Amino acid sequence: MDVGFLGLGVMGQPMALNLARSGTALVVWNRTAAKCEPLRAAGATVAATPAEVFKQARVVILMLADGAAIDSALGRGTPDFAALVAQHTIVHMGTTSPDYSRGLEADIHAAGGSYVEAPVSGSRKPAEAGQLVAMLAGAQTAVEAVRPLLRPMCREAFGCGPVPSALLMKLSVNLFLITMVTGLTEAFHFADRHGLDRQQFLAVLDAGPMASSVSRMKAPKLLTRDFAVQAAALDVLKNNRLIAEAARASDLASPLLDVCHALFGETVALGYGGSDMVAVLHAIEARTDGGGPR
């Protein structure tokens, strides 16, 4: 039986390509049809509509931008929804609010379908390498049935319990990622504006205990001002907002996140929403050069 895949964006396309190249019989759909062509070349079937995907595949992976995109693709809120998802397993691998995921699970179950929450940690390069880390939530039987399908995309998959535990885990991980990359970028700016050798600063960092795969991926981009997207600033802002909402809903303080939220908002407002998250450097530089909040 074919596996369906909806959403071939920055993350979805390399994920789907790894599935196709592993020999998985794959049928794909994307709102912008041109993004399907690499999948067609890799042997996947390209569908004209999400409904065509559901006709061919019993398991359908969603890697869509947000809840609105998911609802539109599934026809949620219309009479078509139940007929589409009944007897199917829907695997939600994108990032939405935990409350949205909980509601989607309830609607899919009411329609006679199964649901697995499976967000991933990692950016475009790990996605291309099949080195993402998945977090899984849902009924145990559904989770275990889906787990083997993730192997071409993910080097590890962690069972997190019932929905929305996987998305809460993803938001926790992303809180650390956002604050870590923002801290790296601010430190780079500090060294740069003090006239230090920027390459030596990064070499000292890399030789010490703070080095990580993230710093080794992002440091060269800062050094060369390479803002080609791996994880887009606009997506980081969206994730930041989701984390902040979840924190407020539970009366949790998130002081570092709140500063990053403001900085990524400024980054997007400066026109760098489609650039990599290290483009937060522009917001930090603008504060230094323009005398704004410090």
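All values below were derived from every heavy atom in this structure, side-chain atoms included, with hydrogens, water molecules and symmetry-related copies excluded. Predicted model only: the values in this text are computed from it and were never measured.
Connection of V173 to I243 is not established within any shared hydrophobic cluster, with ILVMFWY side chains joined at heavy-atom distances below 4.5 Å, either directly or through further cluster members. Under a hydrophobic-cluster definition in which Ile, Leu, Val, Met, Phe, Trp and Tyr are linked whenever side-chain heavy atoms come within less than 4.5 Å, directly or via other members, M15 and V3 are assigned to the same cluster. Criterion: ILVMFWY side-chain heavy atoms under 4.5 Å apart, direct or through other members. Under it, I178 and F176 are part of a common hydrophobic cluster. Placement of F190 and M180 in two distinct hydrophobic clusters is found when ILVMFWY residues are connected by side-chain heavy-atom separations under 4.5 Å, directly or transitively. Put simply, L242 and L104 are part of two different groups of oily side chains (I, L, V, M, F, W, Y) that touch within less than 4.5 Å, one to the next.
Summarising the geometry of E128 relative to P14, their closest heavy-atom pair is CG-CB, 3.7 Å, with the distance given to 0.1 Å. In this structure, L167 and S101 approach most closely via the heavy-atom pair CD1-CB, 3.4 Å. Among all heavy-atom pairs drawn from L8 and W29, the shortest one is CG-O, 4.3 Å. Across all non-hydrogen atoms, the minimal contact from A283 to T267 is CB-OG1, 3.4 Å. Nearest heavy-atom pair across F201 and F188 is CE2-CA, 3.7 Å. In this structure, L168 and P98 approach most closely via the heavy-atom pair CD2-CG, 3.7 Å.
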**Q.** side-chain contact (heavy atoms from CB on, under 4.5 Å) between L6 and M63, intermediate numbers included
**A.** CA-CA 6 Å; L6 308 184; M63 195 62 185; over 6 Å; no

Q: Could you give me the CA-CA distance, side-chain angles and deciding distance for I70 and H92, then say whether side-chain contact (heavy atoms from CB on, under 4.5 Å) is met?
A: CA-CA 9 Å; I70 292 171; H92 173 26; 3.6 Å; yes

Q: Apply salt bridge (charged side-chain N to carboxylate O under 4.0 Å, His left out) to the pair D107 and R76, showing each step before the final yes or no.
A: CA-CA 9 Å; D107 287 353; R76 192 171 176 217; 2.9 Å; yes

Q: Please test E266 against H261 for side-chain contact (heavy atoms from CB on, under 4.5 Å), starting from the C-alpha separation and ending with a verdict.
A: CA-CA 9 Å; E266 292 163 27; H261 199 164; over 6 Å; no

Q. Could you go step by step and tell me if T185 and H189 meet the side-chain hydrogen bond (donor to acceptor under 3.5 Å, both in side chains) rule?
A. CA-CA 6 Å; T185 304; H189 174 69; over 6 Å; no

Q. Would Q131 and K125 satisfy side-chain hydrogen bond (donor to acceptor under 3.5 Å, both in side chains), going step by step from the backbone distance to the final call?
A. CA-CA 8 Å; Q131 293 293 301; K125 286 203 170 191; over 6 Å; no

Q: Under the side-chain contact (heavy atoms from CB on, under 4.5 Å) rule, what do T89 and R58 come out as? Steps first, then yes or no, please.
A: CA-CA 6 Å; T89 298; R58 288 294 179 190; over 6 Å; no

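At least one side-chain heavy atom of I61 sits under 4.5 Å from a side-chain heavy atom of M153. Side-chain contact check for M135 versus S121: some heavy-atom pair is nearer than 4.5 Å. Residues E156 and L132 are not in side-chain contact: their nearest non-hydrogen atoms beyond the backbone lie 4.5 Å or more apart. The closest side-chain heavy-atom distance from P50 to L74 is not below 4.5 Å. Using a 4.5 Å cut-off on side-chain heavy atoms (C-beta onward), V28 and T45 make no contact. Within the 4.5 Å cutoff, the side chain of V181 has no heavy atoms near those of the V280 side chain. No side-chain heavy atom of V60 sits less than 4.5 Å from a side-chain heavy atom of V91.
Judged purely by atom type and a 3.5 angstrom limit, S165 has no side-chain atom pairing as donor or acceptor with the backbone of G161. Under a 3.5 Å cut-off, the side chain of S72 and the backbone N or O of A69 do not form any donor-acceptor pair. When atom types are taken as modelled, the side chain of T179 and the backbone of L175 share a donor-acceptor pair closer than 3.5 angstrom. No donor-acceptor pair closer than 3.5 Å links the side chain of N174 to the backbone N or O of N240. A distance-only check finds no donor-acceptor pair linking the side chain of N30 to the backbone of A33 [under 3.5 Å]. Under the 3.5 Å distance criterion, the side-chain polar atoms of S212 are matched with a main-chain donor or acceptor of V214. A donor-acceptor contact shorter than 3.5 Å is absent between the side chain of K221 and the backbone of F227. Remark: side-chain polar atoms of N239 are paired, donor with acceptor, to backbone N or O of D235 under 3.5 angstrom.
Distance CZ/F264 to OG1/T182: 4.0 Å, rounded to 0.5 Å. Summarising the geometry, atom CG belonging to L149 is positioned 7.5 Å from atom CG belonging to L19; distances are rounded to the nearest 0.5 Å. Between the CG atom of L17 and the CG atom of L39 there is a distance of 4.5 Å, given to the nearest 0.5 Å. Note that CG of L64 is 8.5 Å distant from CZ of F5, once rounded to the nearest 0.5 Å. Taking CG of D2 as the reference point, atom NZ of K55 lies at 14.5 Å (rounded to 0.5 Å). To the nearest 0.5 Å, the span separating OG on S275 from CG on L281 amounts to 11.0 Å.
Annotation: ring-ring contact (aromatic ring centres under 6.0 Å, His included) contacts involving residues 98-132, sequence neighbours excluded, are absent. Within the structure, the salt bridge (charged side-chain N to carboxylate O under 4.0 Å, His left out) test picks out the following pairs touching residues 79-99 (sequence neighbours left out): D99-R102.
With a 6.0 Å radius and a threshold of 12 heavy atoms from other residues, nucleotides or ligands, E37 has its CD atom above the threshold. Annotation for E285: atom CD counts as buried by contact number, over 12 foreign heavy atoms lying within 6.0 Å.
At a cut-off of 3.5 Å, with distance as the only test, no side-chain donor of S114 or H88 sits close to an acceptor on the other residue. For S254 and R248, the side-chain atoms include at least one donor-acceptor pair closer than 3.5 Å. Defined by atom type and a distance below 3.5 Å, a donor-acceptor pair is missing between the side-chain atoms of E52 and Q56.
Under a 4.0 Å N-O distance rule, the pair R124/D276 does not qualify as a salt bridge. For the pair E117 and K170, the salt-bridge criterion is not met [side-chain N within less than 4.0 Å of a carboxylate O].
Among L62, L150, V146, the one residue that satisfies the side chain to side chain contact (heavy atoms under 4.5 Å, CB included) test with M93 is L150.
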